[in-house]
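One structure below.
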Amino acid sequence: MKSHLKNAFIGSLVADAVAMPVHWYYDTSALDRDYPKLDGYLAPRNPHTDSILWRSQYTPRNARGDILHDQAKFWGQRGIHYHQFLKAGENTVNYQLAAELYRLIIRESAYSPDRWLDRYIECLLTPGWHRDTYLEEYHRAFFDRHARGKKPRDCGIEDIHIGGLATVPALVAAISEIETEPAELESVVRQHIALTHRAKVVDAAGLALVRMLRDIADGATLEDAVTEHATGWLGRKELNQLAELPDRAIIGRHFSPACYLPGSFAASLALAWKYQNDFAGGIIANALCGGDS
């Protein structure tokens, strides 16, 4: 079980690194033009022809909210790639944080929400800890509240982006190393997600995800695990129908390529179902669908 769950965590790092250069390409023709041979790890390129970073703004209230550091000067500019300084195979900041969470739990042989929040704050306030140009909404909102003097446990927001699930595979893998029981694991995952994402739909997706991961690690097939725990998201019949469609019809026509839950979680389940026997193919398909991949 431990090795399966650790592989799920590593798989999430792989998927993020492959998708990194094509994040937020909603124009798939532009994606194909800029990355005609996306079959593995690639470095991002400027200009990002589909970038809307020029619309984004974040001004820290004080040093307790300064998480952009030397990347701040790129905000508001056109054509800037969200991950412009990352190299081929590197992870975005969300998955750098996931790896940091895994290391913290293993190092301390325990999960502590407060210790994690301390480390999260320390990482993002340290200049040079990450080289990512873009930090998504929940980071900015958290640190804006932190800059206003709120306690870390009170800095999470009602965010419904799929980024709220980014650290779940890391958390599940690390906790499996310290042998927490399944019922307790679910409680810990939900508590962890709520530190930054308080929306009910993120809680529901996180709970479904952890149950699927545990079942698969226990020997269940992906089909059985998804069927058992995707109630309210997708059923077996719909998943089989979706699997017959081209990838960009699944994500692009049937589901939006945007990051908002519940659609983004259902879209992810559909691709996982279609590519359950082809890990690499599923990772590439996910990246080539564009959007918030």
Side-chain angles (χ1 to χ4, degrees), residues 1-20 23 41 89-107 110-111 113 116 119-120 123 136 138 159 161-182 184-197 201-222 225-226 228-230 233 259 261-262 264-273 275-276 279-280 282-287 292-293:
M1 177 182 288
K2 291 179 182 180
S3 63
H4 283 308
L5 293 173
K6 189 170 183 180
N7 284 341
F9 163 46
I10 294 171
S12 73
L13 300 180
V14 171
D16 174 68
V18 170
M20 176 268 290
H23 272 168
Y41 301 122
E90 285 194 299
N91 285 115
T92 64
V93 71
N94 279 359
Y95 286 85
Q96 292 178 45
L97 287 166
E100 192 65 32
L101 172 64
Y102 178 85
R103 287 190 289 265
L104 179 68
I105 295 171
I106 297 301
R107 185 167 62 246
Y111 170 75
W116 167 242
R119 184 60 185 144
Y120 169 55
C123 286
E136 68 173 275
Y138 86 86
D159 188 286
H161 298 94
I162 198 171
L165 305 182
T167 58
V168 171
L171 179 62
V172 172
I175 288 179
S176 75
E177 296 287 335
I178 56 177
E179 299 182 356
T180 300
E181 293 299 315
E184 184 180 348
L185 176 62
E186 292 179 7
S187 176
V188 170
V189 168
R190 298 177 75 182
Q191 180 186 35
H192 174 77
I193 289 173
L195 297 175
T196 53
H197 295 71
V201 68
V202 188
D203 174 78
L207 185 59
L209 178 58
V210 69
R211 288 175 175 173
M212 291 176 198
L213 291 175
R214 287 300 299 243
D215 279 8
I216 292 169
D218 276 334
T221 65
L222 182 140
V226 171
E228 176 70 20
H229 301 297
W233 303 91
C259 50
L261 295 167
S264 54
F265 186 60
S268 299
L269 293 177
L271 278 189
W273 184 278
Y275 286 92
Q276 59 188 282
F279 174 78
I283 296 299
I284 300 298
N286 171 71
D292 190 13
S293 49

Would you compute the distance between atom [atom1] of [X] and atom [atom2] of [Y] and round it to the nearest 0.5 angstrom?
{"X": "L213", "Y": "N7", "atom1": "CG", "atom2": "CG", "result": "11.5 Å"}
{"X": "S12", "Y": "N91", "atom1": "OG", "atom2": "CG", "result": "8.0 Å"}
{"X": "I283", "Y": "D16", "atom1": "CD1", "atom2": "CG", "result": "10.0 Å"}
{"X": "E136", "Y": "C259", "atom1": "CD", "atom2": "SG", "result": "7.0 Å"}
{"X": "R214", "Y": "L209", "atom1": "CZ", "atom2": "CG", "result": "12.5 Å"}
{"X": "L195", "Y": "Y120", "atom1": "CG", "atom2": "OH", "result": "10.0 Å"}

If every non-hydrogen atom of [X] is compared with every non-hydrogen atom of [Y], which pair is closest and at what distance?
{"X": "A8", "Y": "P169", "value": "O-CB, 4.2 Å"}
{"X": "H4", "Y": "A217", "value": "CD2-O, 3.7 Å"}
{"X": "S176", "Y": "L5", "value": "CB-CD1, 3.6 Å"}
{"X": "V189", "Y": "G206", "value": "CG1-O, 4.3 Å"}
{"X": "A225", "Y": "I216", "value": "CB-CG1, 3.7 Å"}
{"X": "E90", "Y": "M20", "value": "O-CE, 3.8 Å"}

Could you tell me which residues satisfy side-chain contact (heavy atoms from CB on, under 4.5 Å) with [X], sequence neighbours excluded, listed by chain and number?
{"X": "Y41", "answer": "V14, A17, V18, A88"}
{"X": "A230", "answer": "M212, V226, W233, L269"}
{"X": "A170", "answer": "F9, A98, Y102"}
{"X": "A166", "answer": "N94, Y95"}

Qualifying residues under salt bridge (Lys or Arg N to Asp or Glu O under 4.0 Å), relative to R119, sequence neighbours excluded: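 Checked R119 against salt bridge (Lys or Arg N to Asp or Glu O under 4.0 Å); matches are E100, E122.
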Partner residues of D203 under the salt bridge (Lys or Arg N to Asp or Glu O under 4.0 Å) criterion, sequence neighbours left out: R190
Taking C-beta and beyond as the side chain, do [X] and [Y] meet within less than 4.5 Å on heavy atoms?
{"X": "I105", "Y": "L171", "result": "yes"}
{"X": "D292", "Y": "S264", "result": "no"}
{"X": "V202", "Y": "F265", "result": "no"}

Contacts of type side-chain hydrogen bond (donor to acceptor under 3.5 Å, both in side chains), residue [X], not counting sequence neighbours:
{"X": "T167", "answer": "H192"}
{"X": "E177", "answer": "none"}
{"X": "D215", "answer": "H229"}
{"X": "W116", "answer": "none"}

Worked check of side chain to side chain contact (heavy atoms under 4.5 Å, CB included) between L185 and V172: CA-CA 7 Å; L185 176 62; V172 172; 4.1 Å; yes
N286 side chain vs S293 backbone, donor-acceptor pair below 3.5 Å: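 Yes: the side chain of N286 pairs with the backbone of S293.
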Residues L101, Y111; criterion side chain to side chain contact (heavy atoms under 4.5 Å, CB included); working and verdict: CA-CA 9 Å; L101 172 64; Y111 170 75; 4.1 Å; yes
